[in-house]
Amino acid sequence: MEHDRSQAIGLISALLAGVLFGTAVAVSRYAYDAGASGILVAGFRSIIVVVVLAAVVKIAGHSWSLPRSLIPLVISNGILMAVMTYGNIGAVEFISVGLASLLFFTFPVIIAVLVIILRIERVSLAKLFAIGLAFAGIAAMLGASVGNVDWRGTAFSLVAALATAVNAIMIARYFARVNILVATLHLSIVALITLVLIAAFVAEVRLPSTPGGWWGVIGVAVFQAAGTPLYMVALARIGALKAGMATNIQPVTAIFEAWVLFGEVLSVLQALGGAMVLIGIALMQWIDLRGRTSVITKITPPD
C-alpha cells in the first residue's frame with residue numbers, strides 16, 4: 001500500500017512538473033510580445049530557480065557541499081544548463097510556442113543516439129525503429145519550417161535540445177552518487193553566472209514595455225521554479241524512466257495553451273512531424289520500461 005502511494009505521488013508530481021514546464025514556455029509569449037529579450041527572460045527565470053532550490057535544500061537539511069573532484073563537471077554542466085535554459089525559453093522570441101516546444105523535446109531522441117554512439121548500452125531493432133520514426137518526424141518539422149520561420153528560433157531549440165541531452169548523460173554518469181537536488185542547485189548557480197555574462201557581453205537586454213510583459217517574465221520563472229522540485233520528487237519516487245514518460249505532457253501542454261491564449265496553430269506537416277517525434281519517444285520509453293520489468297521479473301524469486 002505504501003509503495004503504491006509513493007508511486008502515485010511520483011506520477012502526479014511528474015505530470016504536474018510537465019504541465020508547469022509547458023506553461024512556462026507558453027506564457028513567455030507575453031514577455032516577447034511586450035518587447036522583452038530572451039536573455040532577460042532566461043536570466044530572471046534562473047534567479048528564481050536558484051532561490052527556490054536553495055530554500056528547498058535548506059529546509060530539507062541537506063549539506064550544500066559537493067566533492068571537489070566534481071567542480072570541473074559542475075562548471076561544464078552548468079554552462080550546458082545555461083545553453084538549455086536560454087535556448088528553450090529564448091526560441092519563443094523567434095518562432096511559435098508549439099514549434100519551439102516540439103523541437104526542444106527532441107532531446108530524448110538525441111540522448112538515444114548518443115547512447116548508441118558512445119556504446120553505453122545495446123539497442124534493439126524495436127528501439128532503432130522508434131528512433132528512426134522520431135527522426136523522420138524531426139525532418140518533417142524542419143522541412144515544413146524552411147523559409148517559413150525564423151532560423152534563429154529553430155537553432156535555439158535544437159542547440160538547447162543537444163545541450164540537454166549531453167547534460168543528462170553526464171549527470172547520470174558522474175552525479176549518480178550525490179544528492180541530485182544539491183547538484184542541481186550548484187549547476188543552476190553556474191548557469192545563472194553564465195547567463196549574466198552572456199547578457200553583459202553578448203546578448204541585448206530588453207525590458208518588457210507593458211505590465212502584461214512583466215507578468216510573462218515572472219510567470220516563466222514561477223512555473224519553472226515550481227516544476228523543478230516536483231520533478232525531483234518524481235525522480236526519487238518513480239525513477240527517471242517513468243518520470244520522463246510522464247513529462248511527455250510538456251509539449252502537449254505548451255501547444256494547447258498557445259492555441260487557447262494566442263491562437264497559435266501548427267501547420268499540418270509540423271503537427272504530423274511533432275506527433276511522430278512524441279510517438280517515437282513514448283515507444284522508446286515503453287521499450288526501456290518493458291525491458292526493465294522483464295529483468296525484475298527474472299531476478300525476483302517466486303513466493
Side-chain angles (χ1 to χ4, degrees), residues 13-14 16-28 30-32 36-60 62 64 66 73-93 100-101 104-105 107 156-157 160-161 163-164 166-168 170-171 175 178-200 203 205 208 214-236 240 243-244 247 250 253-254:
S13 297
L16 286 175
V19 170
L20 289 169
F21 290 149
T23 301
V25 176
V27 300
S28 69
Y30 286 114
Y32 297 129
S37 59
I39 193 63
L40 173 77
V41 178
F44 188 80
R45 169 262 183 207
S46 290
I47 292 172
I48 301 303
V49 168
V50 167
V51 171
V52 169
L53 284 174
V56 172
V57 169
K58 178 67 174 178
I59 292 170
H62 297 306
W64 291 59
L66 288 175
L73 290 169
V74 167
I75 294 173
S76 60
N77 280 56
I79 293 173
L80 286 171
M81 182 176 284
V83 174
M84 173 188 71
T85 300
Y86 187 19
N88 183 25
I89 297 298
V92 182
E93 184 177 359
S101 299
F104 172 73
F105 216 73
F107 73 85
F156 266 52
S157 289
T164 303
V166 175
N167 200 27
M170 290 181 68
I171 287 175
F175 291 82
V178 299
N179 185 286
I180 188 61
L181 197 60
V182 176
T184 304
L185 172 59
H186 285 267
L187 297 178
S188 298
I189 292 172
V190 174
L192 175 57
I193 294 171
T194 304
L195 290 171
V196 169
L197 291 174
I198 293 174
V205 179
W214 278 110
W215 281 116
V217 173
I218 295 170
V220 171
V222 169
F223 286 125
Q224 289 216 344
T228 300
L230 284 171
Y231 186 64
M232 296 303 171
V233 170
L235 288 175
T247 53
Q250 178 179 339
T253 299

Practice item. Can you spot which of Ile79, Val83, Leu80 makes a side-chain contact (heavy atoms from CB on, under 4.5 Å) with Asn167? Key: Leu80
Which value, rounded to the nearest 0.5 Å, describes the distance between [X] atom [atom1] and [Y] atom [atom2]?
X      : Y      : atom1 : atom2 : answer
Leu20  : Ser13  : CG    : OG    : 10.5 Å
Phe21  : Thr253 : CZ    : OG1   : 11.5 Å
Leu187 : Asn77  : CG    : CG    : 5.5 Å
Phe105 : Asn88  : CZ    : CG    : 10.0 Å
Ile180 : His62  : CD1   : NE2   : 11.5 Å
Ile198 : Ile39  : CD1   : CD1   : 5.0 Å

Report yes if the side chains of [X] and [Y] come closer than 4.5 Å at any heavy-atom pair, otherwise no.
X      : Y      : result
Phe175 : Leu73  : yes
Thr228 : Val52  : no
Arg45  : Ser28  : no
Met81  : Ser188 : yes
Val178 : His186 : no

**Study point:** Main-chain N/O of Ala82 paired with Thr85 side-chain donor or acceptor, under 3.5 Å
**Key:**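 Between the backbone of Ala82 and the side chain of Thr85 there is no qualifying donor-acceptor contact (under 3.5 Å).
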Show the nearest heavy-atom pair for residues [X] and [Y], with the distance to one decimal.
X      : Y      : result
Ala17  : Gly227 : CB-O, 3.6 Å
Val220 : Val27  : N-CG2, 3.8 Å
Ala42  : Leu195 : O-CD1, 3.8 Å
Val205 : Ser37  : CA-OG, 3.5 Å
Gly43  : Leu192 : O-CD1, 3.8 Å
Glu93  : Ala36  : OE2-O, 4.1 Å

Review point. Are Phe156 and Phe104 close enough that their ring centres sit under 6.0 Å apart?
Key: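 So the answer is no for these two rings.
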Point to revise | Residues, nucleotides or ligands: over 12 heavy atoms within 6.0 Å of Trp215 CH2 | key: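 Open.
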Point to revise | Results of ring-ring contact (aromatic ring centres under 6.0 Å, His included) for Phe223 - residues two or more places apart only | key: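 So Phe223 forms no ring-ring contact (aromatic ring centres under 6.0 Å, His included) with any residue.
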Practice item. With side-chain contact (heavy atoms from CB on, under 4.5 Å) as the test, would you mind laying out the steps for Tyr32 and Val41 before giving the verdict? Key: CA-CA 9 Å; Tyr32 297 129; Val41 178; 3.9 Å; yes
